[in-house]
Amino acid sequence: MQIEVAGNQIELAEGALCADALKEGLSKKQFKKVVVAKCGEDMLDLTAAVPTACTTLEPVFADSEEGLVVIRHSTAHLMAEAVKKLFPTAKVTIGPSIKDGFYYDFDYERPFTPEDLEAIEKEMLSSVGANKDFACQTMTADEARTYFADMNEDYKGELIDDLGEDEYSIYTHGDFSDLCRGPHVARTGMLKAFKLLSVAGAYWRGDEKNKMLQRIYGTAWQDPKALKKHLFRLDEAKKRDHRKLGTQLDLFSTHEDIGGGMIMWHPKGGLVRAILEDWERKEHLKRGYDIVQGPLILKQELWEKSGHYENYKENMYFTEIDDQGYGIKPMNCLAHMLIYKRKTQSYRDLPQRYFELGVVHRHEKSGVLHGLMRVRSFTQDDAHLICRPDQLQDEIIGVFHFVKDLMDLFSFEFRAEISTRPEKSVGTDADWELATSALENALDSIDEEYTINEGDGAFYGPKIDIILEDSLGRSWQCATIQCDFTLPERFDLVYVGEDGARHRPVMLHRVILGSIERFVGVLIEHFAGALPVWLAPVQARLMNVTDSQIEFSEKAKQFMLSKGIRVEADIRNEKLGYKVREAQVEKIPYMLVIGDKEVEAGCVNIRSRDGEDPGMVTLEEAAQLILDAAQEPFKLGGMSYSFSG
RNA sequence: GCCAAGAUAGCUCAGUUGGCAGAGCAACUGAUUCGUAAUCAGUAGGUCGUGAGUUCAAUUCUCAUUCUUGGCUCCA
C-alpha cells in the first residue's frame, strides 16, 4: 500500500506497523523523538498496524502538546505498576494526564508517606531501566469484567459497567495491566523525565459521598532538561506566592485567635487597599454610580424574604439580639433594595447604580481557605444596577467595558464564562431564559467570546464570570456580572413609567475586582510583590550616605511629602550598600541617595528598583519623575487617577 | 466538610531514641561615618500553637482542639 508519512510518499507492506511506517518516512534522529502516530484525529500506538483506510500518517513528537499528554499518561501507568508491586493490596482506579503532569488514584489501607513516594519513584526507574513493552489487547466487556474481577480490581469493574462499551482495550507492561483507551509509548524506556510531587485525598469519581482515595501527583516531560526547567518554574512561582510575600513585605497576616480565613491588614497592606479603594470610588463616580452603604447585620426575616435564608443559609453567620434573629451579610444587595425603595422611582431616574465597598462574611468550608484568595471575611467592590428592561443590555455592556479597562490597566489576560441556572435556585424559567439571553446578547453585540458553564449560576440568576490567570497558572474569578429578575420581584421594586403605570425594574449584581482581598493577592503574585508605582505603599526611600546629610534628608523628605509622594527616609547609621539592599528587598520603586555632592547641589541621586539609574537630579525633577511614573498606567488605559487629586 | 502533613524567638529554620531549648537574619546597646544588594562587637528575646492524659520527668509519647499547608468537594 501507498501512504504519506510526514510529507513523504512511501510504500508499505500490508499489516505493517505504525513504527515501521514512521521509521521509513522520518530521519533517524526525528524517529527517536516519536511517541505515537496520528492518522487524522486518531492517535495510534507505534505497535499498532497502520489502518488499511489510512492515507496519511503523522508522527507525534515527544515535545509536542499531544506527545506530552501521552508521556504523562504512560508515566501514570508506570507509577501504578510500581505501586502495585510495592503495595500489592492497593487497588487501582483512574490515572489521567493533567496540565504539566499526571495523577493516579489508589485505594489502599493506609496513607502513602513521602518515603513511600521515594520508593515508588525508585521502582519506576527500575521499570524504565528494564525497558518493558507496552502491549495493547482488546477484550469484550464480559472478558474485561472477568479479567479485572480475577485481579480484585473492583473499581475497574465499576468503570466497565458505567462506560457500557462492547469492547475495551487493555494495556499491559511488565506485570501490570490497566483498562485504558490509550495510546501509550511503546516501551517504558521512553519515559525519561518524571518526578512524584505530592499525595492528597480525592473522592472516587469526584463525589464527596464516595470513598476517599489517595491521589499521587507527578510531573513528566520529554527529557530531563524540560523536567528541570519545570521544577525551576515551580520554585520561581513559589517565590511569588502572595502569602510568602505578604509576610516578607509586611502587608498582612492571619492569627489563629481571630479565626480561620480572617485577614489583618498591616500598615503597608492597609495602604495598598486604601489606594485601590479610593481609586475605585473615583472611577465609579466618573461612570455614573452612587456610593451607598448598608449595615453589616440585618434582620433574619429580610434574608428569608430574599431567599438567602433558604438557599445560602449554610454559608451565613447568624446572631440574636433581644430575641430577634439577625444574619451577618454574605452579600450587599438587601440594603440596596431598600435604598431603592426609599422613594417612588420614575423611569427617568433609571438606571440607579448603587456602589458599595461592602464587607461580607461567608462561612466557607475550612479546607478551602487559602491565603488572601479564599477567605471568610472580605470586601467586595459591589454594585447593584437597577434599570428598565430596555436598558439592561447597555448596562451589561457598560459593566463589561469597565472590567476590560481594569484588565488593561494591569495587563491581565482574561476569559469570560456565562453560567446558567443551577438546581438550587429561585425564579421562573421564563425569567431565567430572559436573563441568560440578555447576558449572551450583550457579549455577542460587542463580539466578546465566552464559554457556557451549565448549572453554575447564582441561586437568583445567571452570570458572566471574568476569569484571570495568576503566575502559578491558577485561574481566579474576580469580576462577575449577574442578572437578577427575582429580587426586584421579592422586594416589589417598581418604577413609574411614561404611561403613569407601575413597572418592574430588573437588576444586575456586579463586582469588578471581586474581593479586594483576593485581588490584592492576585496583584502581589502578578507583580511578584513589586507593585506599580501608583499602588506601591512606599514609592520612594531617601537614604543618606553619612550622618552629615541627615538635615538635608529631612528637608528632602518634607519636600517629597508636600508633592504627595509616599516617601520614607532611612537615616540610620548603616552603610549605603546595606540600605540599598534593604530597599531592593522591600521592592521600593525608587531609592533617593543623598551624599555630600547632592547636599551641595540640592539634589538626590535616583536608583530605581529595576536597575534604571537616572543619576543626580534636583528635588523638583525627582518628584516629577516619580509622579509621572505613578501616572503611567492611566495614560495607557481609559482611566485617569491621581492619589492626591 | 473530607484525606493527609505541619505549628519551636519578630522572620527563616535546626534540634531533643523523654532529662536545663539552638543558629542566621531582625530588634536593642556600643564602636564605626562608610557612595548603590549585608561593617564589627556585645545584649536581650521562647509556657516549643492551646488543653488534657501517660511518666519521677513531656517541646518530644497518646488524645482532643485551634490555625496553616497540599489536594478533593465547593466558591469572589
Side-chain angles (χ1 to χ4, degrees), chain A residues 103 105 108 110-114 197-217 241 243-244 247-248 250 253-262 312 314-315 330-331 358 360 362-382 419 422 456 458 463 465-467 476-480 482 509-519 521-522 543-550 572-586 591-598 605-609 611 613 615-616:
Chain A
Y103 68 78
D105 287 347
Y108 187 52
R110 67 159 178 86
F112 292 123
T113 65
L197 296 175
S198 62
V199 56
Y203 299 107
W204 168 234
R205 321 210 82 175
D207 188 334
E208 61 184 321
K209 289 191 223 51
N210 285 344
K211 185 166 183 186
M212 177 74 69
L213 306 170
Q214 291 190 68
R215 175 171 298 179
I216 302 179
Y217 281 95
D241 191 314
R243 292 164 303 187
K244 204 178 167 96
T247 307
Q248 252 166 41
D250 197 17
S253 63
T254 58
H255 198 288
E256 65 173 310
D257 289 348
I258 285 188
M262 315 272 196
Y312 206 71
E314 53 280 14
N315 281 299
M331 299 182 194
V360 296
R362 296 184 185 175
H363 183 81
E364 299 287 349
K365 289 176 178 179
S366 60
V368 305
L369 302 178
H370 176 96
L372 292 178
M373 304 302 200
R374 202 66 190 276
V375 291
R376 285 182 174 153
S377 167
F378 57 100
T379 306
Q380 287 185 307
D381 60 336
D382 204 359
S419 298
D456 212 28
K463 56 179 184 172
D465 287 327
I466 310 297
I467 290 141
W476 292 108
Q477 184 178 325
C478 290
T480 170
Q482 311 180 344
H509 307 243
R510 51 107 276 192
V511 291
I512 305 291
L513 304 181
S515 134
I516 303 285
E517 279 74 5
R518 174 179 293 179
F519 198 79
V522 171
M543 41 193 80
N544 56 331
V545 178
T546 69
D547 283 356
S548 62
Q549 302 101 24
I550 287 182
R572 292 172 304 170
N573 175 11
E574 293 289 353
K575 291 173 92 161
L576 183 61
Y578 182 85
K579 297 184 183 184
V580 167
R581 180 187 144 79
E582 210 160 79
Q584 196 75 48
V585 168
E586 289 176 48
M591 285 156 252
L592 310 177
V593 176
I594 297 173
D596 284 337
K597 269 185 289 179
E598 285 75 17
N605 206 304
I606 303 188
R607 173 196 163 112
S608 86
R609 67 182 162 196
D613 185 3
M616 202 162 99

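Reckoned from all heavy atoms, side chains included, excluding hydrogens, waters and symmetry mates. The structure displayed is predicted, hence computed values, not measured ones. Each chain gets a letter, A, B and so on, in the order the sequences are listed, and its residues count up from 1.
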Please name all residues satisfying salt bridge (charged side-chain N to carboxylate O under 4.0 Å, His left out) with [X], sequence neighbours left out, ordered by chain then number.
X      : value
A:R374 : A:E364
A:E598 : none
A:D381 : none

Inset, instruction - Identify which nucleotide among B:C74, B:U73, B:C11 has an atom closest to any side-chain atom of A:R374, counting heavy atoms from C-beta outward. - result: B:C74
Reckon [X] touches a base, only the sugar-phosphate, or nothing at all at heavy-atom distances under 4.0 Å?
X      : result
A:L197 : nothing
A:R572 : sugar-phosphate
A:G521 : nothing
A:E364 : base
A:V368 : base
A:K209 : nothing
A:Y217 : sugar-phosphate
A:V360 : nothing
A:G615 : nothing

Legend entry - Carboxylate-amine/guanidinium contact A:R205 A:D207, below 4.0 Å: no
Legend entry - Lys/Arg N to Asp/Glu carboxylate O, A:D105 vs A:R215, below 4.0 Å: yes
Legend entry - P gap between B:C2 and B:U65, integer Å: 10 Å
Inset, instruction - Convert the base pairs of RNA chain B into dot-bracket notation, remembering that pairs crossing earlier ones are written with [ ] and that bases paired across to another strand are shown as |; include only Watson-Crick or G-U pairs under 3.5 Å. - result: (((((((..((((.....[..)))).(((((.......))))).....(((((..]....))))))))))))....
Legend entry - Polar pair under 3.5 Å, donor/acceptor by atom type, side chain A:Y203, base B:G71: no
Pull out every protein N or O sitting under 3.5 Å from an N or O of nucleotides 3-8 of chain B, one pair per line with the distance.
from: B:C3; atom 1: O2; to: A:G201; atom 2: N; distance (Å): 3.3

Inset, instruction - Summarise protein proximity over nucleotides 34-42 of chain B in one line of letters, 5' to 3': B for base, S for sugar-phosphate only, - for none, counting protein heavy atoms closer than 4.0 Å. - result: BBBBBB---
